[in-house]
Amino acid sequence: MELSTRYEPQEAEAAIYKKWLEAGCFTATPDDRTPYCITIPPPNVTGALHMGHALNHTVMDTLGRWKRMKGFNVLILPGTDHAGIATQAVVEKKIKAEERKTRHDLGRDEFLKRVWEWKDEYGTRIVGQMQRLGCGYDWDRLRFTMDESYASAILRVFEEFYKRGWIYLGERMVNWSPPFLSAISDAEVDNREEDGSLWHLRYPLTDGSGDIIVATSRPETMLGDTAVAVHPTDARYAKLLGKKITLPLVGREIPLLADDFVDPAFGTGAVKITPFHDPNDYEMGNRHGLERIEVIGPDAKMTAAAGAYAGLDRFEARKKIVADLDAQGFLVKVEPHRHVVPYCDRSGAVIEPRPSRQWFCKMAGTDLVDNAIQAAEDGSVNFVPGRYKEIYLRWMGNIRDWPLSRQLWWGHRLPVWRKIDADPEDSQSWICATTRESAIKQLGSEDILQSEDVLDTWFSSALWPFATLGWPEKSPSLSYYYPTSLLSTAQEILYLWVARMIMTGEEFMGEKPFDDVYIHATVLDEHGRRMSKSKGNGIDPVDLIELYGADALRFSLLREAGQRQDIRFKPIRDNRQEQVEQARNFANKIWNASRFVLMNLPTSPSPDSDPLTPSNGGTEVTSPPLLGAGGQMTGPGETLPDRWILSRLSGAIEAVDAGLGSYNMDDAARAAFSFFWDDFCDWYVEAAKPTLETDATRERVLFVLKEALKLLHPLLPHLTETIWQALPGETNTFLMNQPYPASGARDALAEAQFEIVQEIVTAIRALQAAHQLKKGGEAFVTPTDDARSVLLENAGLIEFLTRITLKVSPLAGTEGDGFLQPTRFGDVRLPRPESSPEATLAEKKRIESELLKIEKDLAGLNARLSAPDFAQRAPEAVVAKTRAQHAELLEKREKLTERLGQLG
RNA sequence: GGGCGAGUAGCUCAGUGGUAGAGCACCUGUCUUACAAACAGGCUGUCGGGGGUUCAAGUCCCUCCUUGCCCACCA
C-alpha cells in the first residue's frame with residue numbers, strides 16, 4: 001500500500017485536536033506542581049481573529065505547551081471581551097445596513113438583545129478559530145466580560161474606588177464621538193496628521209480703528225468665539241489690548257485678551273477663542289471667565305446659537321461660513337496647513353471636543369498609580385522587550401484622570417443612583433450602590449433611577465487576571481494561579497489595558513497580576529504598513545490554515561517572533577504565501593522523516609500496514625527504555641554518528657529552551673529547524689541507512705526521532721502529536737504530556753570527528769558535481785595526521801554517503817592525475833575518467849575560481865597580520881588563529897597552483 | 001513636536017568587536033533505502049551614507065538619509 005508522501009494537515013489537525021479535548025488534556029486543576037498561568041487577552045466579539053491574534057495565540061500556546069512538558073501545571077484561561085463601543089458600533093452598522101434603523105428606533109432592550117445575538121455568534125466563532133490554531137486552553141473556564149460573576153467583580157471594584165474617593169463627576173473637555181453620542185477616552189482617539197487649511201480671518205475692531213487677523217483651522221467655530229487672545233508681550237498688539245472686536249457674521253462684541261498660552265510666532269499671533277469647542281480655548285475661557293457658546297451640537301450639527309447656520313452639519317457649515325466670510329470681505333487668505341485631526345477609532349468620525357459632565361476615576365497621586373509605577377520600577381513586573389518599561393513609566397508619570405462613563409448601551413451600567421427629581425448635573429445628587437435595594441436605602445426613596453451610562457470597556461478588562469479566576473470569591477484557582485505568569489499582548493494596548501491591570505491587581509490582590517509582560521511584534525504588510533481592516537491589507541489567518549495547516553502558520557510566525565517591533569508578512573498571491581509555505585515544507589519534512597523511521601521500526605509490524613494510521617489491532621511493540629532516570633538523555637551511542645547526533649540534539653535542546661525561556665521564539669524555531677533538517681535528516685538518517693537492517697540501528701534512530709518530536713512539539717503541535725501516536729506503544733499516550741527533553745553534556749570529540757567526515761564527504765560531492773561524474777569510481781584521500789584514524793574508521797560511511805570507493809592513502813600525491821580538492825583534513829582526489837579537453841577546461845575554471853577566492857581571503861589576512869600592533873595588541877588566540885588560517889590558505893594555494901600548472 | 005525601533009544577498013530575516021549567514025528565488029545535476037513541498041552542488045553582498053573609537057567595526061560612538069510605530073490640546 002502506498003503511503004501519502006505528503007502531510008495533509010486538514011484532517012489530521014482536526015482529529016488530533018478532538019482527541020486532546022476529549023482526553024481533557026487542557027483542563028487545569030490546582031495541585032502541588034508549580035503553576036504556569038496565562039489569562040489570554042480576551043478578543044473583542046466584534047469579528048474574526050487577525051494575524052496579530054494568530055501571532056499572539058501561537059506564542060502563548062507554544063509557551064504553554066513547553067511549560068506543560070517541563071512539568072508545570074499549566075492553565076491558559078480563554079475568554080472574550082464585550083468591547084462596548086466597538087461591538088455596539090458594528091451591530092449598529094449592521095442594523096442600519098439591513099433594516100435602515102438606528103438603535104433608537106429599536107429601543108435599548110431590543111438593541112441589547114440584538115447585540116447579545118451577535119455576541120453569541122461571534123464569540124463561538126472566535127473560540128472556533130483559536131481551536132483551529134491548536135490552542136490548548138482550558139475551555140471549561142471560558143469567560144466573558146459580561147458574565148454574571150464578572151459583573152459582580154466590576155460592581156465591587158467600582159464601589160471600592162468610590163469609597164476611596166477616586167470616583168467623581170466632573171466637567172471636562174472630552175473627546176466626543178458624534179456617531180455614538182458619547183465621550184470616549186484619549187486612548188480611543190486616533191490622531192491622524194492631515195493636510196488641511198489655515199483660514200486667515202479679518203476681525204474688525206468695534207471702534208473702527210482697524211482690525212486683527214486671526215488664523216484658524218476650524219472656521220465654523222468662529223460663531224462661538226467669545227474673545228481673541230494675543231501674547232501679553234507681543235508688541236504688535238500691545239496698544240490694542242482692552243479694545244473690543246465685532247465678530248463678523250454674528251455681530252457680537254468680544255474682548256481682545258492677553259494670555260501666555262498664545263504663541264506669537266504662529267499664524268498672526270492672534271487666536272480666536274471658542275471655549276465650547278476647543279480644549280485650549282476651554283482652559284483659557286476658564287482663566288478669563290469667558291462665556292461658552294455651543295454652536296455645534298452633540299450630533300455635530302450646528303445649534304440654534306449658530307443662527308442662520310443652524311441644522312447644518314459642521315462640515316457643510318464650514319463651507320458656507322467660509323463662503324459668507326469671503327463674500328463679506330472677512331476672508332484674508334487660505335493657506336495649506338498640515339495638522340493633526342482626532343478621529344474616533346471605532347466610528348471613524350472626527351472627534352468633536354466638547355465640555356461634558358462625565359464620571360472620572362482619579363489617577364495621579366493615588367495608590368493605583370503609585371503601586372503600578374513601583375511594580376515596574378522594582379522589576380516585579382518584567383517587561384519584554386525591556387524598552388517597554390520606560391515607555392510605560394513615562395506614560396504613568398504623566399497620567400491623567402480616567403473618564404469612565406460612556407453614553408452607550410452595550411456595557412456595564414454604572415452603579416450610581418439618584419432620586420428622579422434630583423439634578424443629574426450635580427454630583428451631590430448621586431450615590432454609589434451595587435443593588436437597587438441598597439440605593440433605595442441610601443437615598444431614602446423609592447423614586448430613584450440608575451445612571452444610563454455604561455462603563456468604559458477597559459474598566460472591565462482591567463480586572464481580567466483575577467476576575468476570571470473567581471475574584472471576589474477566594475477560589476482555590478485564584479490563590480493557586482494568581483499572580484499569573486505571563487501577559488502577552490500587542491503594544492497598542494499597553495496603556496489602555498496593561499497599565500490598568502497592574503493598577504487593579506496591586507489594589508485588590510495586593511500583588512502584581514503577572515510576572516512578565518511580553519509585547520509581541522506588530523504584523524505589517526509587505527510594504528511595511530500596519531495590517532488593518534480599514535486599509536484592507538489584512539490576511540485572514542484561517543485562509544492560511546486552510547492552505548497550509550495550523551502548524552505551518554504557527555511555525556512561520558514563530559520564526560519571526562522575537563523581540564522585534566514589526567513582522568512583515570506577505571499577502572496570499574495565487575493561493576501561495578511564501579513564509580507559511582516554507583514552514584509547511586518543514587512540516588512535510590518532519591512527516592516524511594518520521595514515515596521513514598516508521599517503515600524501519602526495530603520489530604517490524606506487517607509491512608503492508610500504514611504506520612501513520614493508528615489501527616485498532618496494531619501490533620504491540622514496546623520501545624526500549626532509552627530514557628534514563630532523571631530525564632537525562634542516555635541513548636546508546638555506539639557509532640560516531642550516534643554520539644554526534646546526541647551531542648547535536650543536546651545543543652538543540654539547549655537552544656530551544658533558551659529561546660523559549662527568553663521570548664526569543666525565533667531563535668528556538670531556527671535551532672529546531674536546523675537540528676531536524678540539517679543534522680537529523682541530512683546526516684544522521686542518511687548515515688543510518690547502511691546498517692538499517694539491524695535492530696540496533698533502528699532503535700537508535702527511533703530514539704532520536706522521539707526526542708526530536710518532543711523537542712518540536714510546542715512549535716508544531718498537531719503534526720508531532722499525530723506522528724507520536726502512530727509510534728509503536730504510544731497509541732494511547734500523548735506527546736503533549738511527555739516530559740520535555742533535557743540537554744546533556746556536549747560531546748566535543750564526536751562533533752569534531754564527525755566534522756571531518758562531513759568535510760571530506762562534501763569535498764568529494766563537490767568534485768563529483770563539478771565534473772558531473774557518474775556514480776561509482778574511487779576517491780583518494782591523503783589525510784592529515786589527526787584525521788587519518790577517523791577517516792579509516794568511517795570509510796564505509798563516507799563511501800555510502802558519496803557512492804564511491806574510498807582509498808585512504810598515507811602518502812600525498814601518489815594517485816597522480818586527478819581532480820584535486822584540498823581540505824582542512826587532507827587532500828581529496830578523484831581520478832579523471834578520461835582526459836577530454838572539456839574536462840580539463842572545467843577543472844581549470846574550477847581551480848581558478850577557487851584560487852581567486854583564496855587570493856581575496858589572503859589579502860584580508862595579510863592586511864591584518866601586517867597591520868602595526870596587531871600581533872601585540874590582539875589576543876594571542878586571535879593572532880594564532882589568523883596565522884594558522886594564513887598558513888592553511890598558503891598551502892592550499894600552492895597545491896592548487898601546482899595542479900593548475902600540471903593541467904597546462 | 002517628543003519618544004522608540006528598523007535599514008545586511010532579488011525576497012523574508014539571523015548575526016557575542018576577530019575572514020559576512022539561513023530559507024526562498026536563481027543556475028547545474030539527480031527518481032539515491034522517507035521526502036521533487038526533495039536530494040547534491042553552485043552563484044549572489046560598497047552590511048543605508050559620511051565621520052570617529054579600536055590592532056580589528058555589520059557589531060561601539062557621532063551625524064545625516066530613508067522607513068515604521070507609539071505619544072502629544074498650539075490655533
Side-chain angles (χ1 to χ4, degrees), chain A residues 3 5-7 173 186 191 198 214-218 221 229 261-263 265-268 270-274 278-283 337 339-340 342 353 385 387-388 390-391 394-395 398 491-492 494-495 522 524 526 528-530 548 556 559-560 562 564-570 578-579 581-582 584-600 666-667 670 673-674 677-678 681-682 685-686 688-690 692-693 762 765-770 772 775 802-803 856-861 863-864 867-875 877-879 881-882 885 889:
Chain A
L3 286 179
T5 60
R6 293 187 178 187
Y7 172 56
M173 211 60 183
D186 291 345
N191 289 302
L198 201 56
V214 296
T216 180
S217 59
R218 300 198 57 198
T221 63
F261 168 78
V262 181
D263 176 2
F266 187 91
T268 60
V271 198
K272 58 190 270 315
I273 304 298
T274 320
D278 181 277
N280 295 315
D281 296 5
Y282 174 83
E283 296 296 328
H337 178 52
H339 63 147
V340 171
R387 60 178 180 270
Y388 285 105
E390 294 306 319
I391 295 173
R394 200 173 305 128
W395 187 77
N398 298 316
Q491 58 163 337
E492 66 200 32
L494 183 62
Y495 314 126
T522 307
L524 308 177
E526 61 180 333
R529 291 171 313 187
R530 194 200 168 86
Y548 297 116
S556 71
R559 284 175 81 136
E560 316 256 356
R564 269 184 301 147
Q565 188 163 282
D566 307 324
I567 290 178
R568 281 194 192 206
F569 225 76
K570 295 188 170 184
E578 196 184 300
Q579 285 141 300
E581 189 168 299
Q582 287 178 22
R584 184 275 316 262
N585 291 355
F586 181 47
N588 197 48
K589 186 73 179 178
I590 299 168
W591 174 260
N592 275 305
S594 303
R595 261 181 70 230
F596 180 71
V597 177
L598 282 160
M599 289 191 292
N600 295 285
D666 51 346
D667 290 345
R670 252 193 304 279
F673 178 93
S674 135
W677 201 314
D678 302 342
C681 292
D682 288 353
V685 171
E686 291 305 314
K689 282 178 179 174
L692 207 52
E693 321 78 56
T762 304
R765 283 173 176 168
L767 285 175
Q768 286 175 322
Q772 299 181 14
K775 276 191 286 182
T802 55
R803 323 284 146 153
K856 207 178 130 200
D857 289 349
L858 271 177
L861 289 171
R864 290 173 66 191
D869 294 346
F870 173 70
Q872 269 180 306
R873 317 275 307 245
V878 172
V879 178
K881 194 178 157 199
T882 310
Q885 285 169 340
L889 283 181

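Excluded from the calculations below are hydrogen atoms, water molecules and symmetry mates; all remaining heavy atoms, backbone and side chain alike, are included. Chain naming here is simple, since letters A, B, ... match the order of the sequence lines and numbering starts at 1 in each.
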Touch class at under 4.0 angstrom, heavy-atom based, for Ser217(A) against every strand present:
sugar-phosphate

With Lys589(A), which residues qualify under salt bridge (charged side-chain N to carboxylate O under 4.0 Å, His left out), at least two apart?
none

Asp869(A) CG to G18(B) C1', straight-line distance once rounded to whole Å
16 Å

Does Asn588(A) make a side-chain donor-acceptor contact with the base of C35(B), cut-off 3.5 Å?
no

Round to a whole Å and report the spacing from CD of Gln582(A) to P of A36(B).
18 Å

Under 4.0 Å, heavy atoms only, any strand: does Lys570(A) hit a base, just the sugar-phosphate, or nothing?
sugar-phosphate

If you write RNA chain B from 5' to 3' in dot-bracket form, with Watson-Crick or G-U pairs under 3.5 Å, [ ] for crossing pairs and | for pairs with another strand, what do you get?
(((((((..((((....[..)))).(((((.......))))).....(((((..]....))))))))))))....

Using a 4.0 Å heavy-atom cut-off, does Val262(A) contact any base of the nucleic acid, only the sugar-phosphate backbone, or nothing at all?
base

Base, sugar-phosphate, or nothing: which does Phe569(A) touch, judged by heavy atoms less than 4.0 Å apart?
nothing

I want to verify a distance call: between C39(B), G23(B), G18(B), whose nearest atom is closest to the Arg559(A) side chain?
G23(B)

Indicate, with a heavy-atom threshold strictly under 4.0 Å, whether Ala215(A) touches base, sugar-phosphate, or nothing.
base

For Tyr495(A), check ring-ring contact (aromatic ring centres under 6.0 Å, His included) against everything at least two apart and list the hits.
Trp395(A)

Residues two or more places apart in sequence or in another chain: which of them pass side chain to side chain contact (heavy atoms under 4.5 Å, CB included) with Ala770(A)?
Arg846(A)

Residues that Glu526(A) engages under salt bridge (charged side-chain N to carboxylate O under 4.0 Å, His left out), provided they are two or more places apart:
Arg573(A)

Under 4.0 Å between a Lys/Arg side-chain N and an Asp/Glu carboxylate O for Arg564(A) and Glu560(A)?
yes

For Pro342(A), report the nucleic acid contact type (base, sugar-phosphate, nothing); a contact means any heavy atom under 4.0 Å.
nothing

Quick check on C39(B): is either OP1 or OP2 less than 4.0 Å from any side-chain nitrogen or oxygen of Trp677(A)?
yes

Under 4.0 Å, heavy atoms only, any strand: does Thr762(A) hit a base, just the sugar-phosphate, or nothing?
sugar-phosphate

Taking for each residue the nucleotide of RNA chain B with the nearest heavy atom, is it Gln579(A) or Gln885(A) whose nucleotide lies nearer the 5' end?
Gln579(A)

Categorize Arg864(A) for me: base, sugar-phosphate, or nothing, with a 4.0 angstrom heavy-atom threshold over every strand shown.
base

Partner set under side chain to side chain donor-acceptor pair (under 3.5 Å) for Asp667(A), not counting sequence neighbours
Arg670(A)

How would you list, by chain and number, every residue that makes a side chain to side chain contact (heavy atoms under 4.5 Å, CB included) with Arg803(A), sequence neighbours excluded?
Lys775(A), Phe800(A)

Can you name the ring-ring contact (aromatic ring centres under 6.0 Å, His included) partners of His339(A), sequence neighbours left out?
His337(A)

Touch check for Glu283(A), heavy atoms < 4.0 angstrom, all strands: base, sugar-phosphate only, or nothing?
nothing

Quick tally for nucleotides 27-34 of chain B: nucleotides whose base has a protein heavy atom under 4.0 Å get B, sugar-phosphate-only ones S, the rest -, giving -S---SBB

Walk along nucleotides 5-10 of chain B from 5' to 3' and tag each nucleotide B, S or - by protein heavy-atom contact under 4.0 Å, base first, then sugar-phosphate.
S-----

Look at all strands and tell whether Ala874(A) reaches a base, only sugar-phosphate, or nothing, counting heavy atoms closer than 4.0 Å.
base

Heavy-atom nearest nucleotide on RNA chain B for Ala265(A) versus Asp666(A): which residue maps closer to 5'?
Asp666(A)

With heavy atoms under 4.0 Å as the rule, sort Val597(A) into base, sugar-phosphate or nothing.
nothing

Could you work out, with side chain to side chain donor-acceptor pair (under 3.5 Å) as the rule, every residue matching Tyr548(A), not counting sequence neighbours?
Glu581(A)

Phosphate OP1/OP2 of A38(B): any Asn585(A) side-chain N/O under 4.0 Å
yes

Among residues at least two apart in sequence or on other chains, which ones pass ring-ring contact (aromatic ring centres under 6.0 Å, His included) with Phe569(A)?
none

